[in-house]
Amino acid sequence: MSFSTLGLSNEIVRAVTERGYTKPTPIQMQAIPAVLLGGDILAGAQTGTGKTASFTLPLLHRLSSSDNSQDNSVQDASVETSRGVGSRDNFPIVNRLKPNLKTTGGYPRIRALILTPTRELAAQVQESVHDYGKYLNLRSMAMFGGVSINPQKQRLRNGVDILVATPGRLLDHVQQGTVNLSGIEVLVLDEADRMLDMGFIRDIRRILSLLPKERQNLLFFATFSDSIKELAAGLLNRPTMIEVARRNVTADTVSQKIYQVDHDKKRLLLAHLIKKDNWYQVLVFTRTKHGADRLVKQLGEDRIQALAIHGNKSQSARTAALAKFKNGTLQVLVATDIAARGLDISDLPHVVNFDLPNVPEDYVHRIGRTGRAGAKGEAVSLVCTDEQPLLAEIEKLIAKRLPREEITGFFSHPHPHKSSESIPEGRKQRPKGGYDQRTSARGAKSSPQTSPKKSAARTVAGGSKSGTKKPGTRRSGKRDAPPERRSDR
Ligand code: AMP
């Protein structure tokens, strides 16, 4: 099977061929024809399966072939576009320079909305839209918080066909009347389960209420849950169900290994592993932002070049660190679970769990950063005695026992009566309805680090210290704090 036999236009097939794709992946084989037919979709796809193209390609096809494409065809060189040198033979676009008259307050209608949980994923998805649509006459834009809102307003004013956004910043625009969602034909919720985990459900519902009733809905999730079921039931109209990989399984292309290690020797073991095998491009996950910063400092002392990416970093620092890591000029990127979902780093060879995640599903997402699209990858986890219960949960989830290894000098079997260190703020399950209630997600017992007061202050998007704001009334321009706002310390 090829991309052209799936019914995609020559322009799109040409763009994917130039990207080096020779045949569609299983999710693409199923999703592309279904999306082209115009119905709703509920799709579960293992991370790294090519799911972005599975919704982007047919979306581009549908928008470029429908007559509405003329509406938003205002050309403006200042707009970041996915406009290319598209042939007009297959998709005649009438009067391309005619300004769009269907506007609200001067803001032209957007035709497709893709919502993503994180800023990094929004940027990445928009890059794909831009890339796959380079021979088409459609404009796309990524919209997220942590950066100035004004250039975004200008772009919206100039006309955007496909908007890839995080929910919080999108609502800021809604509040300011600078985005026109009245013409949305297709809505995509990407990594919907993550958005729910992050507590975006109210934001999502608010956005849904602003969209035209008649539209196509595509809901993509990585891990199925009751809340996804509930969301799908309220959103989708007789959806086509697609699931290409079993739930909660790890890709066969990733070799997994556990190193048993004393808690206080993890850093030394990591440095040892990196140096011994001369690892390059290592993505290391820590449980906390503070832990990520500390590890970067310690690796620096071991003369291993590392940078951290987490929610306390400015957006420009996050973007710069990720870009350096992606282009191979940074040896180690230390991340909290902000980087566990969706990020596509081609041929990433090594993922290290410096700490095991508190939620077993996050293990699957973390190690899914490697071994993508059939490439081989290695995922190692440094597990101390107190993390054994977390390891057991993970193994239960993935239905696999992971091979253990001990390296002399790094692990001493604990004394049976010795009390163990506790996993800070450990929890096994996501609370129903997500982490976000803008309060501590970890139940009644609060550690000094997570007193409800502190938790509430932190969740008011880094702005108000009053703690008197109502949940969800974050300040304008401060939306889209990263996932660890709720799940990380
Ligand atoms: P995703 O699951 O969308 O993050 O995609 C994972 C990776 O697979 C990305 O690097 C894509 O560029 C790549 N990819 C997507 N579709 C194909 C395909 N048909 N053939 C080869 N690689 C692909």
Side-chain angles (χ1 to χ4, degrees), residues 1-9 12-33 35-36 41 43-61 82 114-134 140 142 162 164 188-195 218-223 242-247 249-254 281 283 322-323 325-328 338-349 351 364-377:
M1 188 177 283
S2 70
F3 283 100
S4 45
T5 57
L6 288 176
L8 295 167
S9 69
I12 295 172
V13 173
R14 191 171 150 206
V16 294
T17 308
E18 284 176 12
R19 246 325 251 261
Y21 305 170
T22 47
K23 66 184 188 56
T25 64
I27 179 82
Q28 291 162 3
M29 280 185 219
Q30 293 185 58
I32 291 172
V35 178
L36 287 176
I41 299 267
Q46 194 72 22
T47 186
T49 51
K51 80 180 155 58
T52 312
S54 79
F55 61 78
T56 305
L57 301 180
L59 170 71
L60 287 165
H61 182 105
S82 53
I114 303 171
L115 290 178
T116 70
T118 65
R119 300 166 186 175
E120 280 77 8
L121 188 55
Q124 189 178 288
V125 169
Q126 191 270 334
E127 264 173 48
S128 295
V129 171
H130 181 272
D131 234 37
Y132 302 141
K134 65 182 177 179
S140 61
I162 302 165
V164 190
V188 183
L189 299 183
D190 190 17
E191 302 272 2
D193 48 332
R194 186 63 169 172
M195 284 197 271
L218 315 176
L219 195 160
F220 283 77
F221 63 88
T223 309
I242 299 172
E243 185 147 27
V244 290
R246 272 188 302 126
R247 287 168 200 160
V249 293
T250 48
D252 293 339
T253 47
V254 181
Q281 265 199 319
L283 179 58
L322 190 59
F325 191 63
K326 279 188 172 182
N327 71 23
I338 194 172
R341 286 294 193 100
L343 285 194
D344 179 38
I345 300 159
S346 55
D347 301 326
L348 177 66
V351 168
V364 178
H365 300 304
R366 286 179 176 189
I367 77 163
R369 300 309 96 217
T370 183
R372 289 164 77 74
K376 289 230 177 307

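Indexing begins at 1, ligand by ligand and atom by atom, following the structure's order.
Against a heavy-atom cut-off of under 4.0 Å, Thr25 is close to the following atoms of ligand 1: 17 (C), 18 (C), 19 (N). In summary, the atoms of ligand 1 found under 4.0 Å from a heavy atom of Thr49, numbered by their order in the structure, are 2 (O). Atoms of ligand 1 lying under 4.0 Å from any heavy atom of Thr52, numbered from 1 in the order shown and given with element: 1 (P), 3 (O), 4 (O). Close approach to Lys23 involves these atoms of ligand 1, each under 4.0 Å from a residue heavy atom: 18 (C), 19 (N), 20 (N).
With sequence neighbours excluded, the residues that form a side chain to side chain contact (heavy atoms under 4.5 Å, CB included) with Ala53 are Gln28, Leu57, Tyr132.
At a heavy-atom distance under 4.0 Å, no atom of Phe55 approaches ligand 1.
Two residues are said to be in side-chain contact when any heavy atoms from C-beta on lie closer than 4.5 Å; Gln124 and Leu121 meet this criterion. Proximity of His365 to Arg194: side-chain heavy atoms (C-beta onward) are nowhere separated by under 4.5 Å. Val129 has its side chain within reach of Ile114: a pair of non-hydrogen atoms, C-beta onward, lies under 4.5 Å apart.
Shown here for Ala192 and Leu219, the closest heavy-atom pair between the two residues is CB-CD2, 3.7 Å.
Assignment of Arg19 to the shell around ligand 1 is supported, since a heavy atom sits closer than 4.0 Å.
For atom 15 (C) of ligand 1, the candidate residues are Gln28, Lys51, Glu127, Met29; the nearest heavy-atom contact is made by Gln28.
The CD atom of Gln126 sits 11.0 Å away from atom OG1 of Thr116, with the distance rounded to the nearest 0.5 Å. Rounded to the nearest 0.5 Å, atoms CZ (Phe55) and CG (Leu189) are 10.0 Å apart.
Below 3.5 Å of separation, one finds an N or O of Tyr21 facing an N or O of ligand 1. Of the polar atoms of Gly50, at least one N or O is found under 3.5 Å from an N or O of ligand 1, judged by distance alone. Between Tyr132 and ligand 1, not a single N/O pair is under 3.5 Å apart.
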